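Just so you know, these numbers come straight off a predicted model, no measurement behind them. Hydrogens, waters and symmetry mates are skipped; everything else that's a heavy atom, side chains included, is used.
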Amino acid sequence: MYAVTKVCQNMIGKIYSDAYGMDIVNVRAFNHIGPKQAPIFVVSIQLYMLRILYLVYLWLFFVPVFVVLTIITALTVIVGCLLGEEKIFAYYPGMIWSRLTCYLALCPVKVKGRENIDRKQSYVFVANHQGAFDIFLIYGFLGVPIKWVMKAGIGKIPFVGAACRAAGFIFVDNSTSKAAIRSVQEAERCLKNGASVVVFPEGSRTYTGKMIRFKKGAYQMALDQHLPIIPITLNGPFDVLPIGSLNVHRHKMEMVIHPAIPTNDMDPSHKGMQLFADRTQDIIASALWDKYK
């Protein structure tokens with residue numbers, strides 16, 4: 001066992017560290033491993049094998065099932081909305097799809113603060129943007145019908161883009177200032193019809209797990225429609241599937257729904273809205289796990 005350990009220690013340490021995307025295995029410590037440390041190495045081998053098994057499960061089961069579920073969900077949304085049942089089909093198929101995705105990815109989900117939502121009230125929800133699984137976490141577990149404000153590029157995804165358009169989701173076009181204004185106006189029309197919208201004020205997913213400064217667009221919508229804002233803290237999606245990766249990792253996720261903030265006293269100037277955005281960002285940051293602060 002000791003001889004095998006010496007031969008494999010650097011290779012396993014490097015592979016395991018890369019696979020998990022975190023420094024669980026200390027390669028330097030492995031260079032000085034002895035018989036007394038062999039049990040630690042055995043545990044590391046076991047964890048590495050679990051990761052291999054998860055990858056096999058991921059690509060042979062999760063990915064094919066996810067693709068099929070996505071197509072079925074998209075077609076259901078498109079047909080249902082075309083039949084005039086947008087209130088039902090714009091939300092429930094996507095909610096079920098999102099929950100199943102989290103369950104099938106074997107990612108435990110914890111939600112705090114649902115009592116802060118009045119189901120009879122419309123809101124502008126603002127959340128930090130950690131990764132692709134933010135969508136599944138919010139859509140699946142927020143518990144109220146929502147409209148998404150999303151990048152225009154999502155509209156080009158086969159089936160998904162058509163389903164989002166059928167459901168009345170808002171695509172943000174930042175190519176010109178006029179196009180951006182039209183996107184905000186479209187979102188405000190949804191709010192007038194009694195819907196709530198979800199916005200990621202950072203504008204893009206984080207590359208480090210830490211937030212960047214919030215933009216003001218979501219706050220302009222809330223101010224124009226006199227709607228309260230609910231900040232949402234997301235923890236964990238960055239570790240599940242960060243930007244630039246196709247390799248899903250099993251990791252716990254958490255959503256913290258904070259109390260609503262009225263916008264009646266918001267200063268409508270650019271400086272005032274930015275201060276309000278900074279205030280909600282501080283609230284979101286207060287519930288972030290330490291490694292994301």
Side-chain angles (χ1 to χ4, degrees), residues 1-31 33 37-76 93-111 129-141 154 157-160 163 205-209 234-255 289 291-292:
M1 178 64 187
Y2 180 68
V4 173
T5 299
K6 279 297 182 181
V7 173
C8 298
Q9 55 195 11
N10 287 327
M11 179 184 70
I12 296 298
K14 178 66 168 63
I15 293 174
Y16 187 85
S17 182
D18 289 345
Y20 274 86
M22 57 185 73
D23 191 19
I24 297 177
V25 178
N26 189 321
V27 178
R28 181 178 296 177
F30 271 47
N31 289 332
I33 195 169
Q37 286 75 42
I40 299 176
F41 181 74
V42 171
V43 171
S44 299
I45 290 290
Q46 291 172 341
L47 291 173
Y48 173 68
M49 293 306 297
L50 285 175
R51 176 60 185 165
I52 294 297
L53 289 173
Y54 182 75
L55 286 173
V56 172
Y57 165 82
L58 183 72
W59 291 104
L60 295 185
F61 180 78
F62 172 79
V63 171
V65 171
F66 173 74
V67 170
V68 172
L69 282 175
T70 300
I71 294 172
I72 292 173
T73 301
L75 292 175
T76 302
M95 181 269 289
I96 295 169
W97 169 69
S98 296
R99 286 197 178 193
L100 286 175
T101 299
C102 293
Y103 295 149
L104 290 171
L106 307 181
C107 295
V109 172
K110 183 176 183 180
V111 180
H129 203 1
Q130 288 202 342
F133 267 70
D134 295 345
I135 305 294
F136 306 124
L137 185 54
I138 294 176
Y139 208 173
F141 298 92
I154 295 178
I157 301 175
F159 295 101
V160 173
R205 289 168 286 172
T206 175
Y207 283 89
T208 63
L234 303 179
N235 289 305
F238 179 75
D239 290 302
V240 176
L241 188 63
I243 188 170
S245 175
L246 295 175
N247 200 10
V248 176
H249 295 263
R250 182 179 182 272
H251 198 281
K252 64 181 179 180
M253 295 190 292
E254 178 185 69
M255 177 167 60
W289 295 342
K291 62 181 176 178
Y292 301 137

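Side-chain contact, H249 with D239: no donor N or O sits under 3.5 Å from an acceptor N or O.
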Side chain to side chain contact (heavy atoms under 4.5 Å, CB included) between L106 and F62, intermediate numbers included
CA-CA 10 Å; L106 307 181; F62 172 79; over 6 Å; no
Quick one: do V248 and Y54 satisfy side chain to side chain contact (heavy atoms under 4.5 Å, CB included)? Show the steps, please.
CA-CA 9 Å; V248 176; Y54 182 75; 3.6 Å; yes
Give the C-alpha distance, both sets of side-chain angles, the deciding distance and a yes or no for side chain to side chain contact (heavy atoms under 4.5 Å, CB included) between T70 and W97.
CA-CA 7 Å; T70 300; W97 169 69; 3.0 Å; yes
Output, in order, the C-alpha distance, side-chain angles, deciding distance and verdict of side chain to side chain contact (heavy atoms under 4.5 Å, CB included) for N247 and L241.
CA-CA 7 Å; N247 200 10; L241 188 63; 5.7 Å; no
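The minimum heavy-atom distance linking R250 with R51 is given by the pair N-NH1, 4.4 Å. Across every non-hydrogen atom of T76 and P93, the tightest pair is CG2-CG, 4.1 Å. C102 and L137 make their closest contact through SG-N, 4.4 Å (heavy atoms, listed as atom of the first residue, atom of the second, distance). Contact record, R205 with A132: CD-N, 3.8 Å, taken as the closest heavy-atom pair. Residue F141 comes nearest to F136 through the heavy atom pair CD1-O, 3.9 Å, listed as atom of the first residue, atom of the second, then distance. Annotation for G209 and F238: closest pair N-CE1, 3.5 Å, computed over non-hydrogen atoms.
Atom CE of residue M253 and atom CG of residue D134 lie 9.0 Å apart, to the nearest 0.5 angstrom.
Contact check for I243 versus T206: no side-chain heavy atoms found under the 4.5 Å cut-off. At a threshold of 4.5 Å between non-hydrogen side-chain atoms, the residues M255 and I138 count as touching. The closest side-chain heavy-atom distance from V109 to E254 is not below 4.5 Å. Within the 4.5 Å cutoff, the side chain of L234 has no heavy atoms near those of the F133 side chain. L104 has its side chain within reach of L69: a pair of non-hydrogen atoms, C-beta onward, lies under 4.5 Å apart.
Relative ring orientation between W289 and Y292 is described as parallel, the plane-to-plane angle staying below 30° on a 0-90° scale split at 30° and 60°.
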